[in-house]
Amino acid sequence: MKKIQISPSILSADFSQLGNEIKRLEEGGADMIHVDVMDGHFVPNLTIGPPVIKRLRNCTKLPFDVHLMISPVHKYIEDFSKAGADIITIHPEATDNLNESINLIRKLNKKIGVSLNPDTKLSVIENILDQIDLVLIMSVYPGFGGQKFMPEVIEKIKNLKKIKEEKKLNFDIEVDGGINFKNSKIVIEAGANILVSGTTIFKENNGNVKKNIDSLKLV
Ligand code: DX5
Ligand code: ZN
């Protein structure tokens with residue numbers, strides 16, 4: 001079994017202190033930094049883009065796990081690569097040609113992630129699983145932090161894990177949305193090896209990010 005990794009979402013960080021917040025996450029044992037990019041069109045909210053990511057790149061050595069919730073995504077992939085993304089995750093609905101977008105991320109030498117909304121079926125990516133590094137299962141409808149975890153995605157995580165084992169593949173299974181101390185265990189048992197979390201990491205235990213990261217990892 002892969003080691004459990006935590007990818008804190010800076011969506012719940014203090015945006016006036018992003019550099020320091022990322023340092024705090026690194027000191028607290030984060031494995032990577034989850035950056036939620038929203039365009040007010042693919043999802044009903046706006047966040048940050050490549051210039052901010054580029055400035056933050058100097059604040060940490062941790063990988064940047066960049067979750068693109070923008071459409072059309074294809075023409076921006078290179079900008080996020082140049083800004084310092086290490087994992088580039090896209091939604092199939094946000095590109096006209098998923099294969100082309102995947103090939104572009106590969107050409108840029110970045111890890112390839114594909115994200116599935118709660119109502120997007122595994123069948124959409126089943127025949128490309130051998131080409132990607134990570135599947136991001138959304139456990140809320142993307143757009144906002146602080147939403148309630150949707151337990152119905154547990155079955156999808158289990159099915160994905162089963163396919164992964166049957167096909168002897170090695171991609172990561174990352175889960176994003178509403179992860180807390182109560183549901184992290186069941187999400188990990190279902191097959192996730194990377195947990196994204198914003199609210200729990202920044203708000204629980206008076207914002208003690210180290211304690212919250214450790215608790216999510218069940219250590
Ligand atoms: C939702 C984002 C998530 C989310 C995580 O659109 O992709 O990364 O902000 O935050 P919490 O942990 O608050 O659900
Ligand atoms: Zn996200």
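Whatever order the structure lists them in is the order used to number ligands and atoms, beginning at 1.
- Nearest heavy atom pair, residue S197 against residue L216, reads CB-CD1, 3.7 Å.
- By the 4.0 Å heavy-atom criterion, F144 is counted among the residues contacting ligand 1.
- For D36, the N/O/S atom at the shortest distance from the Zn ion (ligand 2) is named OD1.
- Considering both main-chain and side-chain atoms, G146 comes within under 3.5 Å of ligand 1 through a nitrogen or oxygen pair.
- The contact set between ligand 1 and G177, taken as ligand atoms under 4.0 Å from a residue heavy atom, comprises 14 (O).
- Atoms of ligand 1 found under 4.0 Å from any heavy atom of S197, numbered from 1 in the order shown, are 12 (O).
- G19 and C59 make their closest contact through CA-SG, 3.7 Å (heavy atoms, listed as atom of the first residue, atom of the second, distance).
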Salt bridge (Lys or Arg N to Asp or Glu O under 4.0 Å) for K167 and D130? Distances and angles first, verdict last. CA-CA 9 Å; K167 296 193 174 181; D130 58 341; over 6 Å; no

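- Residue I157 forms a side-chain contact (heavy atoms from CB on, under 4.5 Å) with just one option from I188, V187, V135, and that option is V187.
- An angle of 100° is found at the Zn ion (ligand 2) between D176 atom OD2 and H34 atom NE2, rounded to 10°.
- Within ligand 1, counting atoms from 1 as listed, the ones closer than 4.0 Å to a heavy atom of M38 are 6 (O).
- Side-chain atoms of N180 and F149, non-hydrogen and from C-beta on, never get closer than 4.5 Å to each other.
- Scanning L136, D176, V37, N117 for the heavy atom closest to atom 3 (C) of ligand 1 points to D176.
- Among protein heavy atoms, the minimum distance from atom 13 (O) of ligand 1 is reached at T199 OG1, 2.4 Å.
- Heavy-atom contacts of H67 reach the following atoms of ligand 1: 7 (O) (cutoff under 4.0 Å).
- Taking the side chain as every heavy atom from C-beta outward, L108 and E78 approach each other to under 4.5 Å.
- Around atom 6 (O) of ligand 1, the closest heavy atom drawn from P8, G143, G198 belongs to G143.
- Atoms of ligand 1 found under 4.0 Å from any heavy atom of P142, numbered from 1 in the order shown, are 6 (O).
- If you number the atoms of ligand 1 from 1 as listed, the ones under 4.0 Å from a heavy atom of G145 come out as 9 (O), 10 (O), 13 (O).
- In terms of protein heavy-atom proximity, atom 14 (O) of ligand 1 is nearest to G178 N, 2.8 Å.
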Evaluate the criterion side-chain hydrogen bond (donor to acceptor under 3.5 Å, both in side chains) for residue pair D36 and S9; output intermediate values, then yes/no. CA-CA 7 Å; D36 285 307; S9 166; 2.7 Å; yes

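- Residue H34 approaches ligand 1 through these ligand atoms, each under 4.0 Å from one of its heavy atoms: 8 (O).
- Between D36 and ligand 1, at least one pair of N/O atoms sits closer than 3.5 Å.
- The closest approach of H67 to the Zn ion (ligand 2), by N/O/S atoms, is made by ND1.
- Under the 4.0 Å criterion applied to side-chain N and carboxylate O atoms, E165 and K161 are assigned as salt-bridge partners.
- Look at K54 and D79 and you find no salt bridge, because none of the NZ, NE, NH1 or NH2 atoms lies under 4.0 Å from a carboxylate O.
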Please determine whether side chain to side chain contact (heavy atoms under 4.5 Å, CB included) holds for the pair M69 and H91, giving the CA-CA distance in whole Å, both sets of side-chain angles, and the decisive distance to 0.1 Å. CA-CA 7 Å; M69 289 161 273; H91 285 254; 3.9 Å; yes

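- In this model, a donor atom of one side chain and an acceptor atom of the other lie less than 3.5 Å apart for S101 and H74.
- Atoms of ligand 1 lying under 4.0 Å from at least one heavy atom of L11, given by number and element, are 9 (O).
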